[in-house]
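So the structure is just underneath, and the comments pick up after that.
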Amino acid sequence: MDRLTRVCARIVDARTFNILIVAMILITALGLGLETSRSLGAEWGNTILLAYDVALAVFVVEAAIKLTAVAPRFGRYFGNGWDLFDFVVLVLAFLPDTGDFALIARLARLLRVLRVATVLPQLRLIVATLIRSLPGLGNVMLLLSVLYYVYAVAGVHLFQDHDPTHWRSLGIGLLTLFRVMTLEDWTDVMYVAMELHPMAWLFFVSFVMLAAVIMINLVIAVVINNLQDARLEVSLAGGGEDTLRTIREEAASARYALERIEKIVADLRK
């Protein structure tokens, strides 16, 4: 069992194995794209279904190998968020593609495409960074919400009568400010406001500077800071796992050598 576990662990770490999984994910993604076209879906329907079945079989084998690689401590598999996500997607793939479960089954196929983020280390690092950044981004979003609210209320009071299309209510004012922040034709809104207030450009320019420049830079700063922390943790974790695996393999080799020595000694005594 120990030998089988070591073999499975080596397969999981093999570059070829990961390339195969990525290829199956890309094939699934290609099939999902082809199904959006009625003509291509009708022409290649059977081939697409066959590709789905092959990919599913590969994913089942992948899960079995990963479980065997950590046996009997299966908590290492189910305690890993990436592996748990893969397992849930795999279970959902066995839902029937007919009746009430048809839509869920198709969505489950779509979730397989997201598995590319769990297979490629760099994508895992980015996702981990985004998750780590959520608390910091929450504070930035809170500050941005306050800024939006203040400018929206001011905009409604200043420009409601002159430009009701963009400022007739608080909700519309917030949508207008979102348009301004995206820099999509925001000058058109500004020029209309300047017909009433020639100095209205101060309102829009200051909002763009605060929202579109300062806030975006804050978001980038938070993400980059957490990216460095996540990269350091991944490096330490990877080194720790490699060291543990090496120790385990050496212990297994020593135990095998000891068993052979005991057998030789037993034969000599006979």
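Bear in mind the structure is a predicted one, so any value in this text is a computation, not a measurement. For this chain, numbers begin at 1 and follow the sequence in order.
With sequence neighbours left out, the salt bridge (charged side-chain N to carboxylate O under 4.0 Å, His left out) criterion links Asp163 to no other residue. For Phe204, the ring-ring contact (aromatic ring centres under 6.0 Å, His included) partners two or more places apart in sequence, or in a different chain, are Phe159. For Tyr151, the ring-ring contact (aromatic ring centres under 6.0 Å, His included) partners two or more places apart in sequence, or in a different chain, are Phe203, Phe207. Every residue two or more places apart in sequence or in another chain that forms a ring-ring contact (aromatic ring centres under 6.0 Å, His included) with Phe78 is listed here: Phe87. Partners of Ser39 according to the side-chain hydrogen bond (donor to acceptor under 3.5 Å, both in side chains) rule, which considers only residues two or more places apart in sequence or in another chain, are Ser37.
Annotation for Leu177 and Ala152: closest pair CD1-N, 3.3 Å, computed over non-hydrogen atoms. Of all the heavy atoms in Leu90 and Leu56, the pair that sits closest is CD1-CD1, 3.6 Å. Smallest separation of non-hydrogen atoms from Ile172 and Thr165: CG2-O, 3.5 Å. Nearest heavy atoms, Val12 versus Ala69: CG2-CB, 4.3 Å.
No side-chain donor-acceptor contact under 3.5 Å links Arg179 to the backbone of Trp186. The backbone N or O of His166 sits less than 3.5 Å from a side-chain atom of Thr176, completing a donor-acceptor pair.
Leu202 and Leu158 end up in the same hydrophobic cluster when Ile, Leu, Val, Met, Phe, Trp and Tyr side chains are linked at under 4.5 Å. One hydrophobic cluster, built from ILVMFWY side chains closer than 4.5 Å, cannot hold both Val189 and Val150; they sit in different ones. Residues Met199 and Met194 are members of one and the same hydrophobic cluster, defined by side-chain heavy-atom contacts under 4.5 angstrom among Ile, Leu, Val, Met, Phe, Trp and Tyr. When hydrophobic clusters are built by joining Ile, Leu, Val, Met, Phe, Trp and Tyr residues whose side-chain heavy atoms come closer than 4.5 Å, directly or via intermediates, Val113 is grouped together with Leu49. Linking Ile, Leu, Val, Met, Phe, Trp and Tyr whenever their side-chain heavy atoms come within less than 4.5 Å puts Phe74 and Leu84 in one cluster.
Side-chain atoms of Asp86 and Lys66, non-hydrogen and from C-beta on, do get closer than 4.5 Å to each other. With contacts defined as side-chain heavy-atom distances shorter than 4.5 Å, the pair Met181/Tyr148 qualifies. Residues Asp161 and Trp167 have side chains not in contact (no heavy-atom distance under 4.5 Å, counting atoms from C-beta outward). Side chains of Leu144 and Leu210 form no contact here, defined as non-hydrogen atoms less than 4.5 Å apart.
Heavy atoms of other residues, nucleotides or ligands lying less than 6.0 angstrom from CG of Asp185 number more than 12. In this structure, Trp201 places its CH2 atom where only 12 or fewer heavy-atom neighbours from other residues, nucleotides or ligands lie under 6.0 Å away. Sparse packing is recorded around CZ of Phe178, with 12 or fewer heavy atoms of other residues, nucleotides or ligands lying under 6.0 Å away. For Met209, the CE atom sits in a loose shell: 12 or fewer heavy atoms of surrounding residues, nucleotides or ligands are nearer than 6.0 Å.
Residue pairs meeting the ring pair (Phe, Tyr, Trp, His ring centres under 6.0 Å) criterion with at least one member in residues 16-66: none, sequence neighbours excluded.
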Go through Glu62 and Arg115 one step at a time and tell me if the side chain to side chain contact (heavy atoms under 4.5 Å, CB included) criterion holds.
-> CA-CA 13 Å; Glu62 176 201 13; Arg115 284 205 54 209; 2.8 Å; yes
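Distance check: Leu174 CG to Ser169 OG gives 8.5 Å after rounding to the nearest 0.5 Å. Distance check: Glu195 CD to His162 NE2 gives 4.5 Å after rounding to the nearest 0.5 Å. Going from atom CG of Leu20 over to atom CZ of Arg15 covers 13.5 Å, rounded to the nearest 0.5 Å. For the atom pair Leu4 CG and Ile65 CD1, the distance stands at 9.5 Å (nearest 0.5 Å). Interatomic distance, CG of Leu170 versus CD of Gln160, reported as 10.5 Å (0.5 Å rounding). The CD1 atom of Ile21 sits 11.5 Å away from the OG1 atom of Thr16 when rounded to the nearest 0.5 Å.
A salt bridge is absent between Glu43 and Arg38; no separation between the charged side-chain nitrogens and carboxylate oxygens falls under 4.0 Å.
The side chain to side chain contact (heavy atoms under 4.5 Å, CB included) test with Thr28 is passed by exactly one of Leu26, Ile25, Leu32: Leu32.
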